[in-house]
**Student:** 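Have a look at this one before I ask anything.
A quick note: this is a predicted structure, and the numbers were derived from the prediction, not measured.
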Amino acid sequence: MESLASSARAGARIPIAGTYNLRSAAGYPAVSGAIRPGSLFRSDALHRVDADGARELAAQGIVRIVDLRDDAELGRAPSAVPPALVETVHHPIFAGAAIPLTGAAPSLAEIYRSIATDRVVALTGAVRRIADAPEGGVLVNCTAGKDRTGMVIATTLSAVGVPREQIVADYAASETHLAGEWAEAMLASFTAQHGVAPESVRELVASSPAALIAEALDLIEELHGGAERMLLAHGFDAAALARLRDRLVD
């Protein structure tokens, strides 16, 4: 029988114009079933979608968008999804999340460690936004939909019993979807505006190495005893955890 490690696959990209990394976690195995279709999505920023794209998002069953970007990012690229169509909740993981314009850019490992340590309350709060959403699907997004979004989605999936191999596969797929047009445009923008050498920020902008999210999950295990215990120690209670499971797992 094929092992989970070799059979784990990320959800296919949902082809809505203006997005590059829009995916669903539907069907991922969980401790007592599988992730329910239409319940949990992830994406890059939504400032490029047109009216038809916004309606297509709503047609996926999405009722809440949890936008993890900071105020500066929102100002540069406000979401184009009308609040009357889908509720958007602004929940920044941290201010100043964009690539620094002077000095050495942080590594992805440093960013993930910061989220799991200094920003654990914000991380837990983002998962709470999923648990407490109205009935329907929740989409989590940031700029690329891979780092801040990756940590929130990985924590959420881990808390409801999705196996490590599946979480890693889901995270690692971002690099494939962001490669090419999206990544090159982002790198060109930083180079032109701020004199940043593309190769110095390429990993930060466009990479999602499987080993890094595995290390982040190991760190959550080491520091907090796992995702479920981390949530319970930072604002969740048993009822909220039950709501998260009930809304995501069939």
Side-chain angles (χ1 to χ4, degrees), residues 8-30 33-69 73 77 79-83 85-93 123 125-162 166-178 182 208 213 227 243-250:
R9 299 288 186 273
R13 178 178 173 267
I14 300 171
I16 292 179
T19 67
Y20 292 81
N21 197 19
L22 173 59
R23 295 181 272 127
S24 168
Y28 292 174
I35 300 298
R36 180 179 294 115
S39 64
L40 185 63
F41 300 81
R42 63 187 297 163
S43 181
D44 51 312
L46 300 172
H47 59 288
R48 303 179 189 87
V49 299
D50 59 15
D52 287 340
R55 286 191 289 270
E56 289 180 59
L57 278 173
Q60 297 288 327
I62 297 167
V63 299
R64 170 175 285 183
I65 296 165
V66 181
D67 192 329
L68 305 174
R69 297 176 298 160
E73 292 169 293
S79 174
V81 180
L85 193 61
V86 180
E87 174 195 35
T88 296
V89 176
H90 181 215
H91 185 92
I93 292 295
L123 174 59
V127 182
R128 186 67 180 258
R129 298 288 196 175
I130 299 170
D132 293 345
E135 183 176 352
V138 179
L139 182 149
V140 181
N141 81 287
C142 55
T143 294
K146 72 179 182 74
D147 302 321
R148 289 163 287 176
T149 296
M151 287 291 286
V152 171
I153 294 294
T155 299
T156 301
L157 295 177
S158 182
V160 300
V162 174
Q166 182 61 69
I167 296 170
V168 169
D170 178 72
Y171 164 83
S174 287
E175 184 170 335
T176 299
H177 296 305
L178 296 172
W182 187 95
S208 56
I213 200 67
R243 287 196 300 276
L244 184 69
R245 290 173 178 150
D246 289 346
R247 76 176 299 122
L248 296 184
V249 180
D250 265 337

**Student:** Show your reasoning for whether side chain to side chain contact (heavy atoms under 4.5 Å, CB included) applies to Arg13 and Asn21.
**Tutor:** CA-CA 6 Å; Arg13 178 178 173 267; Asn21 197 19; over 6 Å; no
**Student:** Hey, could you give me the OG/CG distance between Ser43 and Leu57, rounded to the nearest 0.5 Å?
**Tutor:** 7.0 Å
**Student:** Can you find a pair of side-chain heavy atoms, one from Arg36 and one from Val249, that are under 4.5 Å apart?
**Tutor:**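 Contact flag for Arg36/Val249 side chains = no.
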**Student:** Nearest 0.5 Å, please: how far is CD in Gln60 from OG in Ser24?
**Tutor:** 7.5 Å
**Student:** At what distance, to the nearest 0.5 angstrom, does NE2 of His177 lie from CZ of Arg42?
**Tutor:**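 Rounded to the nearest 0.5 Å, the NE2-CZ separation comes to 9.0 Å.
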**Student:** Under a 4.0 Å threshold between the charged nitrogen and the carboxylate oxygen, would Asp246 count as salt-bridged to Arg243?
**Tutor:**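 No.
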**Student:** Heavy atoms only: give me the nearest Leu46-Ser79 pair and the separation to one decimal.
**Tutor:**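 Closest heavy-atom pair between Leu46 and Ser79: CB-OG, 3.9 Å.
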**Student:** So how far is it from Thr19 OG1 to Ile14 CD1, rounded to the nearest 0.5 Å?
**Tutor:** 8.0 Å
**Student:** Mind running side chain to side chain contact (heavy atoms under 4.5 Å, CB included) on Ile153 and Tyr171 for me, showing each step along the way?
**Tutor:** CA-CA 8 Å; Ile153 294 294; Tyr171 164 83; over 6 Å; no
**Student:** Kindly say whether Asp67 contributes a backbone atom to a donor-acceptor pair with the side chain of His91 at under 3.5 angstrom?
**Tutor:** no
**Student:** Let's go through Thr143 and Arg148 carefully: what are the C-alpha distance in whole Å and the side-chain angles of both, what is the deciding distance for side chain to side chain contact (heavy atoms under 4.5 Å, CB included) to 0.1 Å, and is it a yes or a no?
**Tutor:** CA-CA 9 Å; Thr143 294; Arg148 289 163 287 176; 3.7 Å; yes
**Student:** How close do Ala172 and Ser208 get, heavy atom to heavy atom, and via which atoms?
**Tutor:**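 Residues Ala172 and Ser208, closest heavy atoms: O-OG, 3.0 Å.
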**Student:** Shortest non-hydrogen contact from Pro134 to Val63?
**Tutor:**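 Shortest heavy-atom separation between Pro134 and Val63 comes out as O-CG2, 3.5 Å.
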**Student:** Look at Arg23 together with Asp170 and state whether they make a salt bridge at an N to O cut-off of under 4.0 Å.
**Tutor:** yes
**Student:** If you define the side chain from C-beta out and look only at heavy atoms, does anything of Leu157 sit under 4.5 Å from Ile35?
**Tutor:**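 In short, these two side chains touch, coming nearer than 4.5 Å.
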**Student:** Shortest non-hydrogen contact from Tyr28 to Arg9?
**Tutor:**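 So the minimum-distance heavy-atom pair works out to CE2-O, 3.5 Å.
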**Student:** Working to the nearest 0.5 Å, report the span between OG1 of Thr156 and CE of Met151.
**Tutor:** 11.0 Å
**Student:** Identify the heavy atoms of His47 and Ala80 that sit nearest to each other, and give their distance.
**Tutor:** O-CB, 3.8 Å
**Student:** Evaluate side chain to side chain contact (heavy atoms under 4.5 Å, CB included) for Val138 paired with Ile62, printing each intermediate quantity in order.
**Tutor:** CA-CA 5 Å; Val138 179; Ile62 297 167; over 6 Å; no
**Student:** For residues Asp147 and Cys142, determine if any side-chain heavy atom of one lies less than 4.5 Å from a side-chain heavy atom of the other.
**Tutor:** no
**Student:** Please name the residue in the list Leu22, Val66, Val86 that meets the side-chain contact (heavy atoms from CB on, under 4.5 Å) test with Leu139.
**Tutor:**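 Only one option passes, and that is Leu22.
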**Student:** When you check the side-chain N and O atoms of Asn141 and Thr149, is any donor under 3.5 Å from an acceptor?
**Tutor:**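 Short answer, no.
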**Student:** Out of curiosity, Ile65 CD1 to His90 NE2, how far, rounded to the nearest 0.5 Å?
**Tutor:** 13.0 Å
**Student:** Grab the two heavy atoms, one from Asp44 and one from Gly18, that are nearest each other, plus how far apart they are.
**Tutor:**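 Scanning both residues, the minimum pair turns out to be OD2-O, 4.4 Å.
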**Student:** Would a distance-only check, ignoring hydrogens and angles, find a side-chain to backbone donor-acceptor pair under 3.5 Å from Arg69 to Ala77?
**Tutor:** yes
**Student:** Any salt bridge linking Glu87 with Arg129? Criterion: basic side-chain nitrogen under 4.0 Å from a carboxylate oxygen.
**Tutor:** no
